[in-house]
Amino acid sequence: MNSLKKIYQILLKELGHQGWWPVTPLGNCRSCGDSLPIYGLKAKTEKQKLEIIFGAILTQNTQWKPNVENSIIRLNEKNLIDVDKIIEISDKELGELIRSSGYYNQKTKALKAMALFLKENPINKLVKMDLVELRKLILSVHGVGPETADCILLYALDKPIFVIDAYTKRIMHKLGFKEESYDDLKELFEDNLDKDVSLYKEYHALLVELGKRKEFDYSTLLKVCN
DNA sequence: CGCCAGGGCCTCA
DNA sequence: TGAGGCCATGGC
């Protein structure tokens with residue numbers, strides 16, 4: 001077993017299953033309060049996949065809890081997890097709803113751009129495309145960079161794409177890996193792991209959780225990297 | 001009070 | 001292509 005696989009085993013054992021990406025459960029029951037996105041659920045419907053796509057934009061350089069979570073709840077309350085409705089709503093009103101996620105002017109534009117994109121390229125059509133072309137296409141949407149595009153591909157469209165983020169870069173450098181660029185790090189993981197969507201999802205979530213834990217003892221991880 | 005979060009765009013060499 | 005400024009809220 002190679003280092004990348006060993007790191008995964010250690011993190012899974014030490015941190016436990018993360019169950020990304022959080023999604024709002026089906027069958028919103030009005031009488032039982034606001035439904036919030038939950039970890040460990042499978043995104044089954046197109047609406048849930050759309051919620052993940054919007055969430056991927058909203059969480060750019062922002063904490064999920066409570067900032068983005070709150071925005072997702074508010075969008076759901078108004079039934080705005082909907083391509084047409086996001087296109088129709090005014091910038092001002094949308095900006096107010098996602099205010100807690102920060103950068104709300106930029107993110108309003110990004111959500112609008114994504115909605116217009118999805119109007120022309122529905123999710124059920126995207127999933128059938130060639131993966132390399134699909135990634136380029138999603139990257140062409142204004143406000144969507146490498147990490148956001150890859151989150152969408154992995155968590156919303158269930159494509160075997162490994163997501164790299166700031167935590168992953170820091171952690172891998174700390175463990176002695178020399179890859180610097182986003183694409184080199186992405187290839188490192190994809191070349192050394194089985195093309196397993198569930199594994200990719202869980203691995204990235206574990207790296208984020210590890211990155212948040214300042215007190216974590218890296219000695220075991222450093223050992224398997226030698 | 002300052003720092004940082006599950007980044008990306010624009011500008012300027 | 002890479003570095004630097006900018007965007008903005010909420011928790012600690």
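Everything numeric in this text was worked out from a predicted model, so none of it was measured.
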Item to complete: For C/dA8 versus B/dC10, give the span between their P atoms, rounded off to a whole number of Å.
Response: 14 Å
Practice prompt. Please work out whether the ring planes of A/F162 and A/H204 are parallel, tilted or perpendicular, with thresholds of 30° and 60°.
Written response: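 Correct class here is perpendicular.
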Worksheet item: Of all the nucleotides listed (C/dT9, B/dG8, C/dG11), which has the minimum atom distance to the side chain of A/P66?
Response: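 That would be C/dG11.
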Worksheet item: For the side chain of A/H142, counting heavy atoms from C-beta on, which of B/dG7, B/dC10, C/dG10 is nearest?
Response: B/dC10
Distance, rounded to the nearest Å, where [X] contributes [atom1] and [N] contributes [atom2]:
{"X": "A/L94", "N": "C/dA8", "atom1": "CG", "atom2": "P", "answer": "13 Å"}
{"X": "A/N61", "N": "B/dC4", "atom1": "CG", "atom2": "P", "answer": "11 Å"}
{"X": "A/R213", "N": "B/dA5", "atom1": "CZ", "atom2": "C1'", "answer": "17 Å"}
{"X": "A/L58", "N": "C/dC7", "atom1": "CG", "atom2": "P", "answer": "19 Å"}
{"X": "A/K169", "N": "B/dA5", "atom1": "NZ", "atom2": "P", "answer": "13 Å"}
{"X": "A/W64", "N": "B/dA5", "atom1": "CH2", "atom2": "P", "answer": "18 Å"}
{"X": "A/K65", "N": "B/dC4", "atom1": "NZ", "atom2": "P", "answer": "23 Å"}
{"X": "A/N67", "N": "C/dC12", "atom1": "CG", "atom2": "P", "answer": "11 Å"}

Please report the interatomic distance [atom1]([X]) to [atom2]([Y]), rounded to the nearest 0.5 Å.
{"X": "A/K13", "Y": "A/T220", "atom1": "NZ", "atom2": "OG1", "value": "9.5 Å"}
{"X": "A/I10", "Y": "A/S3", "atom1": "CD1", "atom2": "OG", "value": "9.5 Å"}
{"X": "A/R135", "Y": "A/L131", "atom1": "CZ", "atom2": "CG", "value": "9.0 Å"}

Which heavy atom of [X] sits nearest a heavy atom of [Y], and at what distance?
{"X": "A/Q60", "Y": "A/K107", "result": "O-NZ, 3.2 Å"}
{"X": "A/K49", "Y": "A/K44", "result": "CE-O, 4.0 Å"}
{"X": "A/L58", "Y": "A/S101", "result": "O-CB, 3.8 Å"}

Worksheet item: Does one side chain, of A/D183 or A/S181, offer a donor that lies under 3.5 Å from an acceptor on the other?
Response: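 Absent: no donor and acceptor within the cut-off.
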Discussion item. Under a 3.5 Å threshold, yes or no: a donor from one side chain and an acceptor from the other, between A/T24 and A/Q48?
Written reply: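 Checked: A/T24/A/Q48 side chains show no N/O donor-acceptor pair below 3.5 Å.
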Discussion item. Judged by each residue's nearest nucleotide on DNA chain B, which is more toward the 5′ side, A/A149 or A/R170?
Written reply: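 On the 5' side of the pair lies A/R170.
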Item to complete: Using the closest heavy atom to pick a nucleotide of DNA chain B for each, name whichever of A/Q63 or A/G143 lands nearer the 5' end.
Response: A/Q63
Worksheet item: Under the 6.0 Å and 45° cation-pi test, does A/K212 pair with A/Y167?
Response: no
Fill in: Stretch residues 97-121 of chain A: residues that reach within less than 4.0 Å of DNA chain B through a heavy atom
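Of all residues in residues 97-121 of chain A, the ones placing a heavy atom under 4.0 Å from DNA chain B are A/Y103, A/Q106.
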Practice prompt. Under 4.0 Å between any heavy atoms, over every strand shown, what does A/Y203 touch: base, sugar-phosphate, or nothing? Just pick one.
Written response: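 Nothing, no nucleic acid heavy atom in range.
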Discussion item. Regarding A/V163, tell me which of base, sugar-phosphate or nothing describes its non-hydrogen contacts under 4.0 Å with the strands shown.
Written reply: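 Counting heavy atoms under 4.0 Å across all strands, no contact is made by A/V163.
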Worksheet item: Could you spell out the base pairing of DNA chain C in dot-bracket, with Watson-Crick or G-U pairs whose two distances are under 3.5 Å, [ ] crossing and | to another strand?
Response: |||||||.||||
